[in-house]
Amino acid sequence: MQKAIIVPDNFTYIAVFLTLSCQLRCSYCLNFHGDDLLKGRKMTKDDWRNGLNRLQTRPDLPITLQGGEPTIYKYFYDVVNRIENRIPIELLTNLEIDVDRFCQNITPDRIRRRSDDYPAIKVSYHHGQSNFEELMARVLELTRRGYSIAVWEV
């Protein structure tokens with residue numbers, strides 16, 4: 001077993017970039033302002049599982065899966081479901097997903113915060129890239145199914 005990674009108590013955010021890739025092509029995206037961010041070795045699902053499960057942090061500090069777009073990481077659902085339940089998970093996403101597939105693979109209690117002061121799924125609406133009506137339909141359906149979710153415009 002590998003040594004635990006102790007996250008200091010004064011940390012307020014843990015960002016996990018599963019991928020820097022995204023299906024949108026926003027002109028202002030930081031990920032596309034240089035090839036260096038998109039080159040290099042990609043971590044495997046086992047690398048992610050093993051590394052994230054080593055984290056030791058206070059119970060109210062979730063990890064936030066983000067990217068690029070984290071849901072397009074090939075093993076997104078496998079990674080989420082293999083992170084130990086003691087570690088709360090949040091999601092920062094453009095929500096360009098299949099809602100049924102998402103709900104079949106991830107329950108509302110898995111994407112959660114330890115407190116209710118902030119939504120667990122933070123959706124970024126990208127004007128000119130996403131269809132707002134379709135995005136809001138996905139948001140409303142996830143809300144109906146019990147997920148904690150909110151939308152911000154980029």
Side-chain angles (χ1 to χ4, degrees), residues 5 7-33 37-38 42-43 45 47-49 51-154:
I5 300 169
V7 178
D9 285 341
N10 65 334
F11 277 35
T12 59
Y13 194 76
I14 302 172
V16 177
F17 293 80
L18 293 178
T19 180
L20 293 174
S21 297
C22 181
Q23 68 274 59
L24 304 179
R25 293 292 178 255
C26 302
S27 62
Y28 47 82
C29 182
L30 296 175
N31 294 350
F32 297 107
H33 285 245
L37 289 175
L38 300 174
K42 306 275 192 269
M43 290 179 62
K45 62 183 176 182
D47 291 338
W48 282 117
R49 182 201 66 216
L52 294 173
N53 285 331
R54 291 173 56 200
L55 293 175
Q56 299 294 318
T57 186
R58 56 181 209 274
D60 67 333
L61 181 61
I63 62 171
T64 301
L65 302 178
Q66 57 190 58
E69 173 50 41
T71 63
I72 67 170
Y73 176 67
K74 184 176 182 177
Y75 302 106
F76 173 75
Y77 295 112
D78 190 54
V79 168
V80 169
N81 289 312
R82 293 173 72 192
I83 296 171
E84 293 174 6
N85 201 45
R86 68 178 172 76
I87 301 172
I89 300 171
E90 290 184 337
L91 180 61
L92 178 58
T93 177
N94 61 33
L95 207 64
E96 296 289 326
I97 62 166
D98 177 316
V99 171
D100 289 330
R101 181 172 182 227
F102 185 90
C103 294
Q104 289 168 0
N105 285 282
I106 300 174
T107 60
D109 64 327
R110 189 60 195 112
I111 301 289
R112 71 190 188 291
R113 289 185 65 86
R114 295 291 172 143
S115 64
D116 292 329
D117 60 341
Y118 206 65
I121 300 175
K122 294 172 282 304
V123 178
S124 56
Y125 166 64
H126 299 258
H127 184 76
Q129 293 289 314
S130 299
N131 179 298
F132 186 74
E133 289 77 21
E134 291 174 7
L135 176 69
M136 290 312 298
R138 289 189 294 272
V139 168
L140 292 172
E141 182 59 21
L142 287 169
T143 301
R144 187 187 71 73
R145 294 187 190 195
Y147 295 84
S148 167
I149 189 167
V151 180
W152 283 261
E153 182 175 10
V154 177

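A donor atom on one side chain and an acceptor atom on the other are not found under 3.5 Å apart for Thr19 and Glu69. Between the side chains of Asn94 and Gln129, not a single donor N or O lies within less than 3.5 Å of an accepting N or O.
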Could you walk me through whether Ile121 and Val139 pass side chain to side chain contact (heavy atoms under 4.5 Å, CB included), step by step?
-> CA-CA 10 Å; Ile121 300 175; Val139 168; over 6 Å; no
Worked check of side chain to side chain contact (heavy atoms under 4.5 Å, CB included) between Val151 and Met136 = CA-CA 9 Å; Val151 180; Met136 290 312 298; 4.1 Å; yes
Please assess Arg112 against Glu90 for the test salt bridge (Lys or Arg N to Asp or Glu O under 4.0 Å), listing each intermediate value before the final yes or no.
-> CA-CA 6 Å; Arg112 71 190 188 291; Glu90 290 184 337; over 6 Å; no
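When side chains are defined from C-beta on, Leu92 does not count as touching Leu65, because their heavy atoms never get closer than 4.5 Å. When side chains are defined from C-beta on, Val80 does not count as touching Trp48, because their heavy atoms never get closer than 4.5 Å. No side-chain heavy atom of Thr64 sits less than 4.5 Å from a side-chain heavy atom of Leu91. The closest side-chain heavy-atom distance from Leu18 to Thr71 is not below 4.5 Å. At least one side-chain heavy atom of Gln23 sits under 4.5 Å from a side-chain heavy atom of Ile72.
Here the closest non-hydrogen pair linking Leu61 and Thr57 is CD2-OG1, 3.2 Å. Taking both residues in full, the closest heavy atoms of Pro119 and Ala150 are given as CG-CB, 3.5 Å, listed atom of the first, atom of the second, then distance. Closest heavy-atom contact between Ser148 and Ala120: OG-N, 3.0 Å. Considering all non-hydrogen atoms of both residues, Asp100 and Asp98 come closest at N-OD1, 3.0 Å. Arg110 and Asn85 get closest at one heavy-atom pair: NH1-OD1, 3.5 Å. The nearest pair of heavy atoms linking Val123 to Leu135 is CG1-CD1, 3.7 Å.
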Enumerate, atom names and distances included, each donor-acceptor pair closer than 3.5 Å involving a side-chain atom of residues 9-17, sequence neighbours excluded.
from, atom 1, to, atom 2, distance (Å)
Tyr13, OH, Gln66, OE1, 2.7

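Note: Gln56 CD to Ile87 CD1 = 7.5 Å, rounded to the nearest 0.5 Å. How far CZ of Arg101 is from CD1 of Ile106: 9.5 Å, rounded to the nearest 0.5 Å. Note that SG of Cys103 is 7.0 Å distant from CD of Glu141, once rounded to the nearest 0.5 Å. Ile83 contributes atom CD1, which lies 9.0 Å from atom CG of Leu55 (distance to the nearest 0.5 angstrom). Atom CG of Leu95 sits about 5.5 Å away from atom CZ of Arg138, to the nearest 0.5 Å.
Take Tyr147 and apply the ring-ring contact (aromatic ring centres under 6.0 Å, His included) test, not counting sequence neighbours, and it matches Phe102. Among residues two or more places apart in sequence or in another chain, the ring-ring contact (aromatic ring centres under 6.0 Å, His included) test is passed with Phe132 by Tyr125.
Annotation for Arg145: atom CZ counts as buried by contact number, over 12 foreign heavy atoms lying within 6.0 Å.
Looking only at distances, a side-chain donor or acceptor of Tyr73 sits under 3.5 Å from a matching main-chain atom of Lys45.
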